[in-house]
Amino acid sequence: MLTNIKIFILVVILFVININITYGQDKPRLIVLTDIGGDPDDEQSLVRLLVYANEFDIEGIITQHWDQYAPLGFTPEEQMDLVRTYIYAYGQVVGNLSQHATGYPTQALLLNNLKRGGINIPNRLSIDEIMEVENVVIGPGMDTEGSEWIKQIVDSSDARPVNITVWGGPSDLAQALWSVRNTRTESEVAEFVSKMRVHAIEDQDDTGYWIRANFPSLFYILSKSRDGISANSVFRGMYLGGDETLTSSLWVNTHVRFNHGALGSQYPDVTFTSPNPYNCLKEGDTPAFLYFLNNGLYYPTEPSYGCWGGRFEPQSTYYQDAFDEENSVVSHRATVWRWREDFQNDFQARMDWCVYPNSGANHNPMPEVEGELERTVLSNAVVNLNASNSTDPDGNALSYNWFVYQEPGSYTGEVVIQNNTSPTAYFVAPNVNNSKTLHIILSVKDDGQPSLVSYKRLIFTIIPSSTLLNISGNALYYSNNAPIKNVVVSIATTPDTTDTTNTVGYYEFVNLAAGGSYTTASSKLHDTDIGFNSITTYDAALTAQAAIEILQLSDNQKIAADVTRDGNVHFIDAAYIAQYAVGLPKNASSHAGEWDFLPQSLVYPSLVEDQVNQNYTTILIGDVDGGWTQPGSLLWKEITIMHYEKLKDISVNHGDELIIPLEMENNSRAIAAEIEFEYDANVLQFVSAQKTPLSKDMVLIFNDEAGRLRAAIYGTTPINEPGKIVNLVFYVQTKSQSTSELALNRFLLNNDVLMKATSKLFVNGKIENPQSYKLNQNYPNPFIRNGRFNAFPHQVININYQLPQKEKVILKIYNYLGQEIKTLVDSEHEPGSYKVFWNGLDNNGISVLPGLYFYRINAGEFKKTKRMIILN
C-alpha cells in the first residue's frame, strides 16, 4: 500500500483497551475501509485491531484497490486473500484470546463481513476531477459490494451509530452516499447520514472533499495536519515523536512477532517510518479505530477531548487535527504519542493473551471514581477526588496519577491537584468570572508485566460563586408523558415559594443562589382535572384481576390500583374504584381521585448548576390502565364510538314495569361495563339494575340521582359471547299522557367501545281509577338477598297498592316483634295504583337480618298487614 494512503488501518487496531474495562456505553460498531497491500502498515494495524476485536462489533472490512496496484500485478482477489490470511491467523489464536475476555467474534463472522470495495481507484485526482468526482469515481453503475454493504449495515435496526474508519480512501462510502441521495427522500437521506461517524486518515483518494461538501451534517474527522505537511498529522504520532524505541524492531520482535502465535508472526517488521530511524512499526491507520476504543478517555462525539486516537478541533463542518503540548513539545502528533507507553504496553498484553492462559498474562485494572464523572462546582470550592474502590483483576498493586489534561478544557490557568499520586486527592476550584471547564484524568496503573493502565475522565464545570441558578421541570403522567397542569410545586427557601405548572406541565424557580440547599415537592388538589375516561369500571376490573394474580401490573399501575394505600392490591381496592367511577360517596379508606407524585420530593444539597428536566411522574389514584388525559383534550385513548341499536322508541302505560336491556356483541371479551342513563324522573321511577346469566359472576353497583343513573359491572373473567349483561328496571309513575327522552349517554365496554343512543318514551293517557283499596303481596316472596356486601345494592322488594280515592298513605315495615324498621311511604296520594320498592335497609341505612317481617298500610279507613320472608 502507498505510504500516503495507509493511515486508516492502524487506527482500527489501536483499539487496544482490554475488555476488563467497561464504562457503560454500548460496544462500538466498526467498519474498516482499507487499501491493504501497499505500505504494510495496514497489515500491522489489522493485527492490532484483531486482538482488540472483542471491544468492537466489526461489521465490515472493505478493501480498496488502487490503480497503482495493477501495474504491480496485485489483483483485487489477491488483496482479499491478504486480508483472509490475517483472519485465518486470528482464527488460530481466538480460542486463547477468549480465555482472557468475552466478546471475540468468530473467524467465520469476520470472513463473512469481508467485502470487496472499489477497484483501480485513482489515488490522486486533478482539481477538475475532484470537482467532477461523480463522473470519475462514483455515480451510476459504480456500486460495489462494499458500498452496498455499508448501506445494509447503516440501514439495520441497530440504533448504535456506525463508526467508519478510513485507512485508505472513502470512495466506497462516497458511492453509498451518492446512491442514497439519488434514491431516497431528503428526510431519509438525513436519517442515513445521522447514523454514521467517520474517522478518515487524510484524503487519500480525494472523494473525502466531495463527501464533506455534499453532506455537511455528517460527523467527519479528517486526520490531516492543518499546515499541509503530512508528516505533522495527528496519525503520525503512532510512530513519530515521544519515545520511539517503543516502535523498534526489537520491541516488535520481542512482544509481537516471536513466540506470540500465528497472528503475531504475520506482523510485518519493515516499513518506511522516516524520520523515525527504526523503519518498523508505523501503523498510521491505527489511530482511526483507537479513537473509538472505550478505555475511559472515550467521548466519541467530542473529538476535542482527546484520546489514544488523537485530538481534533472543529473546522467549519468537520473536525481536523488539534495541538497538544507534552514535555514542552507542541504538535498535532503529541495528541497520540503522549499515550504511547500505555497503548504499547496494552498491545503487548493482548499479544500475550494469544498464547498464555488467563493466569499467565496481565489484565487491565478497573478504576472506580466516587461521584459523577461530570460535575459542576463553585469557584474556590474544595473538590475531593476518590478512586479508592479501584481494583485489579489479577490482584496486582495499583498506583494512581491524577492530572489536568489542559487542552480539552476552557480554563487555561494552573490547577494544582494535591496528593495527585494517591487514590484520594483534592484540588481547589479556581476563581472564575464566567463558566469554565476543566478535564482531570485519573490514570490507574498496575505493577503487572507489562504494567497496564486504565483511565477515568472527570469533567468539571466551574462557575462563579455569585451565580444565580434555576430549577425547572415538568409534571408528566406516568403512562403517556402527558403534561399535568395546576400542579403546585413548592421549594424550601426563605420564604418558601411555590409555582404552578402551566398547560404544558412546566414549572420553574429562578434566581436561586449557587451553593444553596433546596428541596422541591409537588401536590395537586384531589378530584380535580380528572379528565375523560380516566377512572372507570375497567380500572376496577384490572385491579380485581391483579388481586387474584391473573394480571401483572407495572410498579406505577400498582400505585394507581392501591387506593387504600396499604401497599397491596386487593378486591376492596377494585370496589372503591368502581364506586368512584359511578359517583358513589367515597369510603374514608379510599384515595381514588387523589394525585400522587414520584419522587415525593427532589433534594439539591448544594446547587451548583441549572437543574432542568427535574420532572415529577404523576399518578391519578384509581387510573390503573393509564388512560388519563387533560380534561377537554382530544388526545385521550381512541375509543370506538357506536350507536346502540337496541334502544328504540317505547310506548308504556302508568304502572308498567319498563325493562331496558343492555347487550354486548360477540368477541368483546368484556371484563367491565359502565353505564350512564338519563330519564325524566317525573315520568319514571328507577327500580333496580339487574344482572343476567352472562354477568351473574360479576359485581354490579349503581348510583341513581333521580333522572341520572350511573351503573357499573365488572369481574375477573371476560364475557366472550353475545347477549344481555344488565337490565335497567323502571316503574312508570306518571298518569298523564306525555312524551320524554331516554338517553344512553355512556355504555362503555372495557375501555374500548363506547355506545350511545337516544329514544322517545310515550306514556298513554290516564287510566281508570281503581274501584277498591288493595295491598298486594310483596314480590318476590320469599326474598333471597345477595349477602356478599350485607346489603341490597342490586335487588329490591316490590310492594303494590291501590287507592280508589285521595288519601294520606302510611306504609311501614315491622320486624316479628312489632318494632318499626322502615317507613316506606308517608304522604298524600291521588287515586290510582302505586308501587314502592324496598332495598332491605332500615331507617338508619343498615341492612336488615334474614327473617320474618310485616308490612302495613294505613290509608284513611283502609288498614292492611301482610308478611314477608327474607332469606340469605
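A pairwise comparison of heavy atoms in Pro483 and Gly505 identifies CB-N, 3.6 Å as the closest pair. Taking each heavy atom of Met698 and Ile713 in turn, the nearest pair found is CB-CG1, 3.7 Å. For the pair Ala581 and Arg710, the tightest heavy-atom approach, listed with the atom from each and the gap, is O-NH2, 2.7 Å. Across every non-hydrogen atom of Ser472 and Tyr506, the tightest pair is CB-OH, 3.2 Å. Tyr478 approaches Val624 most closely through the heavy-atom pair OH-O, 3.2 Å. Heavy-atom minimum distance, Asp562 versus Asn568: OD1-O, 2.9 Å.
Among residues two or more places apart in sequence or in another chain, the ring-ring contact (aromatic ring centres under 6.0 Å, His included) test is passed with Tyr616 by none. Here Asp704 pairs with nothing under the salt bridge (charged side-chain N to carboxylate O under 4.0 Å, His left out) rule; sequence neighbours left out. For Lys812, the salt bridge (charged side-chain N to carboxylate O under 4.0 Å, His left out) test picks out Glu820, with sequence neighbours left out. Residues satisfying the salt bridge (charged side-chain N to carboxylate O under 4.0 Å, His left out) criterion with Lys806, sequence neighbours excluded, are Glu828, Glu830. Under the salt bridge (charged side-chain N to carboxylate O under 4.0 Å, His left out) criterion, Glu663 pairs with Lys646, sequence neighbours left out. Taking Asn750 as the reference, Tyr538, Ala670, Ile671, Ala672, Asp752 meet the side-chain contact (heavy atoms from CB on, under 4.5 Å) condition, with sequence neighbours excluded.
When only modelled atom types and interatomic distance are considered, Tyr714 and Asp539 share no side-chain donor-acceptor pair under 3.5 Å. Side-chain atoms of Asn703 and Glu705 include a donor-acceptor pair closer than 3.5 Å. Between the side chains of Asn745 and Glu678, at least one donor N or O sits under 3.5 Å from an acceptor N or O. A donor-acceptor contact under 3.5 angstrom links the side chains of Glu674 and Thr537, judged on distance only.
The main-chain N or O of Lys835 is never found under 3.5 Å from a side-chain atom of Asn800 such that the two would form a donor-acceptor pair. When atom types are taken as modelled, the side chain of Asn474 and the backbone of Leu476 share no donor-acceptor pair closer than 3.5 angstrom. For the pair Asp499 (side chain) and Glu508 (backbone), a donor-acceptor distance under 3.5 Å is present. A donor-acceptor distance shorter than 3.5 angstrom exists from the side chain of Ser695 to the backbone of Ile725, with no hydrogens or angles considered. For Ser688 (side chain) and Gln690 (main-chain N/O), no donor-acceptor pair under 3.5 Å exists by modelled atom type. For the pair His654 (side chain) and Thr734 (backbone), a donor-acceptor distance under 3.5 Å is present. Side-chain N or O atoms of Gln545 include none that pairs as donor or acceptor with a backbone N or O of Thr543 at under 3.5 Å. A donor-acceptor pair under 3.5 Å is formed between the side chain of Thr692 and the backbone N or O of Lys724. In this structure a side-chain-to-backbone donor-acceptor pair under 3.5 Å is missing from Asn653 to Asp656. At distances below 3.5 Å, not a single donor-acceptor pair connects side-chain atoms of Asn502 with backbone N or O atoms of Lys485.
The side-chain heavy atoms of Val652 and Leu761, taken from C-beta on, include a pair separated by under 4.5 Å. A 4.5 Å side-chain heavy-atom check between Val809 and Tyr801 finds at least one atom pair inside the cut-off. Inter-residue side-chain proximity for Met755 and Val753 is flagged as met; some heavy-atom pair is nearer than 4.5 Å. Side-chain contact between Val487 and Ser523 is absent, with no heavy-atom pair separated by less than 4.5 Å.
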Exercise for review: Test side-chain contact (heavy atoms from CB on, under 4.5 Å) on Trp838 and Ile813 and set out the steps.
Suggested key: CA-CA 9 Å; Trp838 183 40; Ile813 308 291; 3.9 Å; yes
Practice item. Report the C-alpha distance between Val732 and Val763 in whole Å, list the side-chain angles of each, state the deciding distance to 0.1 Å, and finish with yes or no for side-chain contact (heavy atoms from CB on, under 4.5 Å). Key: CA-CA 8 Å; Val732 182; Val763 180; 4.3 Å; yes
**Study point:** Pair Lys524-Asp529, side-chain contact (heavy atoms from CB on, under 4.5 Å): steps then yes or no
**Key:** CA-CA 9 Å; Lys524 185 172 175 62; Asp529 296 327; 2.7 Å; yes
Exercise for review: For Ile660 and Leu658, run side-chain contact (heavy atoms from CB on, under 4.5 Å): C-alpha distance rounded to whole Å, both residues' side-chain angles, the deciding distance at 0.1 Å, then the answer.
Suggested key: CA-CA 7 Å; Ile660 298 177; Leu658 173 62; 4.2 Å; yes
Check your understanding: Are Asn778 and Asn798 close enough, and set up right, to give a side-chain hydrogen bond (donor to acceptor under 3.5 Å, both in side chains), and what steps lead you there?
Key -> CA-CA 6 Å; Asn778 67 285; Asn798 300 330; over 6 Å; no
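Residue pairs meeting the salt bridge (charged side-chain N to carboxylate O under 4.0 Å, His left out) criterion with at least one member in residues 857-869, sequence neighbours excluded, do not occur. Listed by first then second residue, pairs satisfying salt bridge (charged side-chain N to carboxylate O under 4.0 Å, His left out) with a partner in residues 545-558 number zero, not counting sequence neighbours. Annotation: ring-ring contact (aromatic ring centres under 6.0 Å, His included) contacts involving residues 565-594, sequence neighbours excluded, are absent. Within the structure, salt bridge (charged side-chain N to carboxylate O under 4.0 Å, His left out) pairs that include any residue of residues 565-584 comprise Arg565-Asp596 (at least two apart or interchain). Sequence neighbours left out, the pairs with a member in residues 850-872 that pass ring-ring contact (aromatic ring centres under 6.0 Å, His included) are Tyr773-Phe862. The ring-ring contact (aromatic ring centres under 6.0 Å, His included) pairs that include a residue from residues 722-754 are Tyr644-Phe747, Phe677-Phe730, Tyr679-Phe730, Phe686-Phe730, where partners are two or more places apart or lie in different chains.
The line from CG of Leu542 to CD1 of Ile577 is 8.5 Å long, rounded to the nearest 0.5 Å. Taken from CD1 in Ile535 to CG in Asp625, the straight-line distance is 10.5 Å, to the nearest 0.5 Å. Distance OG1/Thr519 to CG/Asp496: 10.0 Å, rounded to 0.5 Å. In this structure, CG in Leu749 is found 10.5 Å from CG in Asn751, a value given to the nearest 0.5 Å. The CG atom of Leu742 sits 9.5 Å away from the CG atom of Asp680 when rounded to the nearest 0.5 Å. Atoms OG and NZ, on Ser759 and Lys648 in that order, are 10.0 Å from each other to the nearest 0.5 Å.
The existence of a salt bridge linking Lys691 and Asp697 is excluded, since no basic side-chain nitrogen approaches an acidic carboxylate oxygen closer than 4.0 Å.
Heavy-atom neighbours of Lys586 NZ from other residues, nucleotides or ligands within 6.0 Å: above the threshold of 12. Other residues, nucleotides and ligands place more than 12 heavy atoms under 6.0 Å from the CZ atom of Phe762.
Taking the centre of each ring, Tyr604 and Tyr518 stay at or above the 6.0 Å mark.
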